[in-house]
Chemist: 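Mind having a look at this structure? Questions to follow.
Atom set for the values below is all heavy atoms of this structure, side chains included, hydrogens, waters and symmetry mates excluded. Residue numbers start from 1 in every chain, and the chains themselves are labelled A, B, ... in the order their sequence lines are given, proteins ahead of strands.
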2 protein chains.
Amino acid sequence: MSDGIGLAVSAVIFALRPHRESGEQVLHLPLVRRLRAPFDDHWALPGGWVDEAESLADAAARTLEATTSLRPAYLEQLYAFGEVERSPDARVVSVVYWALVRSEEVARTRVGQNVRWFAADDLPTLAFDHNRIVDYALWRLRSKVEYAPVAQSFLGETFTLAELRGVYEAILQRPLDPANFRRQMAASDEVEPTGEFTTTGRHRPAQLFRSKAAPTAPSPWRAS
Amino acid sequence: MSDGIGLAVSAVIFALRPHRESGEQVLHLPLVRRLRAPFDDHWALPGGWVDEAESLADAAARTLEATTSLRPAYLEQLYAFGEVERSPDARVVSVVYWALVRSEEVARTRVGQNVRWFAADDLPTLAFDHNRIVDYALWRLRSKVEYAPVAQSFLGETFTLAELRGVYEAILQRPLDPANFRRQMAASDEVEPTGEFTTTGRHRPAQLFRSKAAPTAPSPWRAS
DNA sequence: CTACATAGAGTCAATATGACTCTTATCTGG
DNA sequence: CCAGATAAGAGTCATATTGACTCTATGTAG
């Protein structure tokens with residue numbers, strides 16, 4: 001075989017949280033403070049070593065829950081990073097996943113001293129090549145949201161079209177026309193109306209929708 | 001660390017070759033005959049173990065050249081396959097790449113007893129989970145050709161639009177309207193006319209084109 | 001009851017796409 | 001040397017999609 005090569009998994013976990021000042025929904029991700037060298041005291045993506053008895057995806061879900069106690073609504077492999085000098089001293093190949101978690105789930109979570117949420121567009125300098133990894137994950141999320149039904153994973157079982165549009169706007173960082181958004185969703189077969197309506201705050205009640213086709217898995221699985 | 005986990009690379013290498021009967025251009029890929037257990041005597045994707053001193057992409061290119069002596073015009077990571085029971089007895093994680101090689105390059109290559117080209121849509125039962133991997137690579141190639149300039153990698157420095165269209169037709173397995181294809185290519189900024197023309201066979205000479213934007217790398221690199 | 005805000009439907013011009021026609025340039029067979 | 005045959009390359013037309021915009025319905029707050 002080969003070896004002397006460490007095999008790790010990490011995850012870029014996205015959630016929507018209100019920005020501390022503006023209050024707008026903004027993409028955030030949880031980072032973990034490193035407690036040993038290399039990059040002692042730097043922030044890093046949650047992750048860990050792959051167990052011999054678990055698949056890569058299982059390892060990603062496990063380490064993600066162990067470090068942040070989050071359970072994602074969507075999980076997909078991002079890329080395997082395998083440059084030689086990614087980590088000083090050791091050779092490490094990281095299979096990185098990206099994940100989306102619902103806002104409810106975020107609230108449920110206690111984050112301690114060593115886990116903290118950061119706005120995705122305003123990160124400190126991270127350990128290893130993790131800044132680059134986050135950039136790539138962001139690019140992938142923003143691309144994928146345009147052609148695949150992933151945005152729903154940020155929301156609960158049912159949601160209004162305005163809420164869903166808010167998710168798209170937060171991801172794409174630009175306003176979308178409500179009427180056109182509604183039309184595209186109606187045509188796209190991604191959501192379906194439940195009969196129910198919001199017993200709303202102060203405006204006309206909005207109909208609740210639910211996702212139709214469950215967000216499809218990565219796609220190696222589509223082939224099977 | 002972890003370990004006891006073998007880290008391998010494999011490659012799905014596509015080239016266009018005339019189908020043995022119909023003579024049409026068809027996607028082919030080279031497979032390697034296994035000479036030991038497990039799956040002794042089965043055909044498998046070319047690959048090998050990752051060296052401690054080389055990146056994943058380098059390992060893919062090296063093992064690919066070592067087993068098939070092909071040098072690809074395009075190489076991109078496909079997926080990291082890491083199910084527990086992929087390989088009997090051992091635990092192996094395979095980072096799989098997919099590649100495109102020019103037809104010239106194919107001709108230049110001697111393939112021996114233990115390396116053979118197969119039509120991509122008509123494969124035998126392969127070792128490990130390699131059939132599934134090929135299916136996924138095919139899906140990826142067919143998707144990607146619709147929005148990224150990868151088809152050029154099958155051709156040489158210059159080519160006519162008819163040749164390029166032939167590549168698309170072979171990949172997508174459906175005829176494309178010549179006039180519409182020309183229009184889209186003109187609009188797409190992917191190719192540019194050289195001034196030269198084919199000193200043709202028996203018809204009106206066609207202008208030669210070359211690719212404009214070099215086929216972009218995977219995209220973790222676009223972010224940097 | 002009035003003002004206001006969002007839900008949701010509809011209009012219109014610009015653009016992209018598929019199917020098709022027409023002209024031009026070359027080779028081949030008589 | 002001329003008459004097909006064939007592909008190159010330009011152009012036409014009906015249709016679908018998209019962005020920008022308008023209009024009406026239905027709730028709450030005062």
Chemist: Going by heavy atoms closer than 4.0 Å, what residues in residues 155-169 of chain A are next to DNA chain D?
Modeler: none
Chemist: Can you name the nearest heavy-atom pair linking B:Gln173 to B:Asp121, along with the distance?
Modeler: NE2-OD2, 2.9 Å
Chemist: Calculate the interatomic distance between A:Phe197 atom CZ and C:dT6 atom C1'; express it in whole Å.
Modeler: 14 Å
Chemist: Going by heavy atoms closer than 4.0 Å, what residues in residues 170-192 of chain B are next to DNA chain D?
Modeler: B:Ala179, B:Arg182, B:Arg183
Chemist: CD of A:Glu24: more than 12 outside heavy atoms within 6.0 angstrom?
Modeler: no
Chemist: Measure across A:Phe154 and A:Ile171 and return the closest heavy-atom pair with its distance rounded to 0.1 Å.
Modeler: CE1-CD1, 3.7 Å
Chemist: Any side-chain donor paired with an acceptor under 3.5 Å for A:Arg140 and A:Tyr136?
Modeler: yes
Chemist: Output all residues satisfying ring-ring contact (aromatic ring centres under 6.0 Å, His included) with A:His42, sequence neighbours left out; order by chain, then residue number.
Modeler: A:Phe39
Chemist: Residues in salt bridge (charged side-chain N to carboxylate O under 4.0 Å, His left out) with B:Arg210, at least two apart?
Modeler: B:Glu192
Chemist: Once hydrogens and angles are ignored, does a donor-acceptor distance under 3.5 Å link the base of C:dT24 to the side chain of B:Arg204?
Modeler: yes
Chemist: In a check of ring pair (Phe, Tyr, Trp, His ring centres under 6.0 Å) between B:Tyr74 and each of B:Phe14, B:Tyr97, B:Trp98, which one passes?
Modeler: B:Trp98
Chemist: What range of DNA chain D does chain B touch, first nucleotide to last, counting atoms under 4.0 Å from its heavy atoms?
Modeler: D:dT6 to D:dT12
Chemist: Which atom pair, heavy atoms only, marks the closest approach of A:Trp117 to A:Ile13?
Modeler: CZ3-O, 4.3 Å
Chemist: Once you round to the nearest 0.5 Å, how far does CG of A:Leu138 lie from CG of A:Leu123?
Modeler: 8.0 Å
Chemist: Residues in side chain to side chain contact (heavy atoms under 4.5 Å, CB included) with A:Arg116, at least two apart?
Modeler: A:Trp43, A:Phe118
